[in-house]
Amino acid sequence: MLILFSLFNFSRTINAATNHNRVLLVYDSQNDVKNDKKNIDALQRSLTSMDLRVKTVSQADYKKGTLDKKYLGVITMINWRQVGLINREFINDRDKFSGIKLHIGENLTQTEINQLGIKVQKVYQQQFILKKDSNREQLPFSQSITVITQQANGASQVGTLSTQQTDQRSYPFGYIKGKQGYLPFFTNKGLSLIVQTQMIAQLFDRVGKFQPLLTITNVTLYTNLRTLDELSKFCYKMGIPFAISTTSVSKNTEMKAFDRFTAVLRNIENRGGIIFLQTPEVSSGVDTAGQLLNQKFLTYIVSLARQQVFPVGISSAGFWNQDKVLRNNSLKYADHWLLMQDGTKVTYVNQDNDAQIAKQSFFAMPAASLNDVKKSDSTTFTIPTALTINMPYSQKELEHVESEIKNLPLNWYNPVEDGFSSEINTETTSLKYNHGDYLVNGKLEDIQNTNLDLNKQFSDGKPNSLFKDYFKVQGNILAVFFVIIMIILLIFIFIGQKVYWNRFKR
């Protein structure tokens, strides 16, 4: 059984005017060579889901005196051991800092070792096994890793690193002594990510008990709507609460294709599903003030609401919360966020790395990342977590997704029964969701059932051309004509060949 992250039920009320939830994250390098900036993104999103307002600074940009009493804690992240931490001004400020301190990765200083009360050893050319309760994960081969060989009295550990040699040796993975913490590395997937999150939440006193939210991602107007409808029907019949993350459009909302799309979304709402509105693609250098984005996003909300489609929150890649313009023209409208991993394309407009928090932020991770982790109906998570599955596009993919969901023996988060309450507010529209009820500008909405033939091909009201089928018929006639000519030629060839051979026989 997986007993991952729950010590007690945890209810958080955050006052933005106080500083008890501000954290400074200082990293050495993004390590674009190995694309390890995904590790920074995962750490940022997990801290946001803990209701921690994280300010991220590269060591090259750190200024003396930045780390002061306004921060609850500081996290040092060594993301590329060949670079390491070389900013002496940050190191000096960190040594004097009296708040929570977490070091991730290599290059522990002697001051940190003394404050942690440990003895360490650098181990080379090893492939460790991470163990937590009854779960095990074989880690990638590491060139070097700094392990703890002696702990301080009263310290605690989260997870264990074990060698694979015959004289198997074990070391603490996550280590906590009072306000000090250490993780030998940070990765963005698997059991490692889960244990890391648990350790950080424990260090910052943010451990909660949350059931996972099943979320279907990559839903668009170009999605196979029949497949989406079948998937929502499957979840409804199985009694599985779920959410979808979908994009929308700001133009052509009067067309039948949009009617068809929103009809399926209404089916999802009537089957107990909730909808997160996904942020659009960012156009670099075009909308520096965010006015176009703001107008587009407001149009999304209004046009969907007119069709009785009411998003309960905003979904976006993590980098949107690291950009002042993107954040203020999208995320700020909702009090519930779904933060997903950054894709290959990350386009900032006004990057400030000053992440804000919402009433609740779901940390998105692929459901497949838990394939090797033992799960049961008692499995819970330290932070609000959305387990994501990509939208299937064919019948075969749909069957695979349904099988994948069936093989997840989890007790899913239920927005209706578990007290989910959210708001999206714009200048003209107020959308509220409360235990399954939708309210628009204070008025309770009765979402109409959709009896729509999803196989029907819709016309968008354009007049049919007078010669609409002329060329199609003409093409069929020509095809028949050429087939007849070909048959006649083959007959003549056969007769000619026969006459030719008869001449030799005489």
Side-chain angles (χ1 to χ4, degrees), residues 1-7 25 39 42-43 46-47 50 73-79 81 84-85 94 99-207 372-374 381-383:
M1 179 181 295
L2 180 65
I3 307 175
L4 285 180
F5 325 109
S6 48
L7 299 181
L25 168 60
N39 296 335
L43 179 56
S46 64
L47 292 170
M50 296 175 200
V74 59
I75 299 175
T76 305
M77 187 176 194
I78 307 301
N79 201 42
R81 64 183 181 85
L85 200 64
R94 183 186 61 186
I100 297 171
K101 291 189 274 192
L102 170 63
H103 184 107
I104 300 174
E106 299 270 28
N107 303 350
L108 280 165
T109 66
Q110 190 57 51
T111 300
E112 287 180 301
I113 292 173
N114 294 339
Q115 290 176 345
L116 287 164
I118 58 176
K119 290 184 179 180
V120 299
Q121 177 185 348
K122 185 169 282 193
V123 179
Y124 299 91
Q125 310 293 325
Q126 283 284 351
Q127 187 171 28
F128 287 95
I129 296 174
L130 173 61
K131 300 178 181 178
K132 178 65 174 73
D133 300 322
S134 59
N135 292 278
R136 296 161 60 93
E137 178 183 58
Q138 184 168 297
L139 301 175
F141 185 84
S142 60
Q143 293 292 332
S144 68
I145 185 171
T146 300
V147 296
I148 297 173
T149 56
Q150 184 176 319
Q151 305 182 46
N153 293 331
S156 60
Q157 73 177 72
V158 182
T160 301
L161 290 174
S162 298
T163 62
Q164 299 188 59
Q165 300 167 345
T166 51
D167 57 337
Q168 188 179 72
R169 302 193 63 181
S170 296
Y171 309 96
F173 179 57
Y175 173 86
I176 298 174
K177 179 201 171 190
K179 292 184 176 182
Q180 316 288 326
Y182 171 66
L183 278 169
F185 60 82
F186 191 95
T187 186
N188 59 74
K189 58 186 177 181
L191 180 64
S192 300
L193 175 59
I194 292 171
V195 180
Q196 291 158 181
T197 304
Q198 180 185 6
M199 181 269 178
I200 296 172
Q202 187 172 326
L203 177 63
F204 282 91
D205 194 22
R206 299 276 161 155
V207 176
D372 297 327
V373 178
K374 292 182 180 178
F381 293 80
T382 300
I383 60 177

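Below, all heavy atoms of this structure are taken into account, side chains as well, without hydrogens, waters or symmetry copies. Given the structure is predicted, the values throughout are model-derived calculations rather than measurements. When a residue number appears, it is its place in the shown sequence, counting from 1.
The backbone N or O of Ala42 sits nowhere less than 3.5 Å from a side-chain atom of Asn188 that would complete a donor-acceptor pair. Side-chain N or O atoms of Gln168 include one that pairs as donor or acceptor with a backbone N or O of Thr163 at under 3.5 Å. Side chain of Tyr175 to main chain of Gln151: no donor-acceptor pair is present (N/O by atom type, distance under 3.5 Å, no hydrogens or angles). Between the Thr149 side chain and the Gln121 main chain, no donor and acceptor come within less than 3.5 Å of each other. Side-chain atoms of Gln180 never come within 3.5 Å of backbone atoms of Lys177 as a donor-acceptor pair (strictly under, hydrogens ignored). Lys101 contributes a side-chain N or O that, together with a main-chain N or O of Arg94, makes up a donor-acceptor pair within less than 3.5 Å. Distance alone, capped at 3.5 Å, is enough to place a donor-acceptor pair between the Thr109 side chain and the Glu112 backbone. Judged by distance alone, with hydrogens and angles left aside, the side-chain atoms of Gln157 form a donor-acceptor pair with the main-chain N or O of Gly159 at under 3.5 Å. Side chain of Gln127 to main chain of Gln164: no donor-acceptor pair is present (N/O by atom type, distance under 3.5 Å, no hydrogens or angles).
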Test log, rule side chain to side chain contact (heavy atoms under 4.5 Å, CB included), inputs Phe128 and Leu139: CA-CA 6 Å; Phe128 287 95; Leu139 301 175; 4.0 Å; yes

Intermediate values then yes/no, side chain to side chain contact (heavy atoms under 4.5 Å, CB included), Leu47 and Ile75: CA-CA 11 Å; Leu47 292 170; Ile75 299 175; 3.8 Å; yes

Gln202/Ile176 under side chain to side chain contact (heavy atoms under 4.5 Å, CB included): CA gap, chis, key distance, verdict: CA-CA 9 Å; Gln202 187 172 326; Ile176 298 174; 3.9 Å; yes

Side chain to side chain contact (heavy atoms under 4.5 Å, CB included) between Thr382 and Ile200, worked out: CA-CA 10 Å; Thr382 300; Ile200 296 172; over 6 Å; no

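Closest approach of Asn135 and Lys374 over heavy atoms only: OD1-N, 2.7 Å. Contact between Asn39 and Asn79 at its shortest, heavy atoms only, is ND2-OD1, 3.6 Å. Scanning both residues, Leu191 and Leu130, for their nearest heavy atoms gives CD2-O, 3.9 Å.
Rounded to the nearest 0.5 angstrom, Ser144 OG and Lys122 NZ are separated by 5.0 Å. Rounded to the nearest 0.5 angstrom, Gln150 CD and Lys119 NZ are separated by 4.5 Å. Rounding to the nearest 0.5 angstrom, the gap separating the CD atom in Gln198 from the CD atom in Gln196 is 11.5 Å. Within the model, atoms CD1 of Ile104 and OH of Tyr182 stand 10.5 Å from one another, a figure rounded to the nearest 0.5 Å. Interatomic distance, CG of Leu116 versus CG of Asn114, reported as 9.0 Å (0.5 Å rounding). In this structure, the separation between CD1 on Ile148 and OG on Ser170 is 13.5 Å, given to the nearest 0.5 Å.
Within the 4.5 Å cutoff, side-chain heavy atoms of Ile100 are placed close to those of Phe204. Between His103 and Leu183 the shortest side-chain heavy-atom distance does not fall below 4.5 Å. In this structure the side chain of Leu161 reaches within 4.5 angstrom of the side chain of Pro184, judged on heavy atoms. Leu102 places none of its side-chain heavy atoms less than 4.5 Å from the side chain of Thr76.
Using modelled atom types, one finds no donor on one side chain facing an acceptor on the other under 3.5 Å when comparing Arg169 with Ser162. Thr146 and Glu106 are linked by a side-chain donor-acceptor pair at a separation below 3.5 angstrom, with hydrogens and angles left out of the test.
Salt bridge annotation for Lys131-Glu137: absent, with no cationic side-chain nitrogen under 4.0 angstrom from a carboxylate oxygen.
The aromatic ring centres of Phe185 and Phe173 sit less than 6.0 Å apart.
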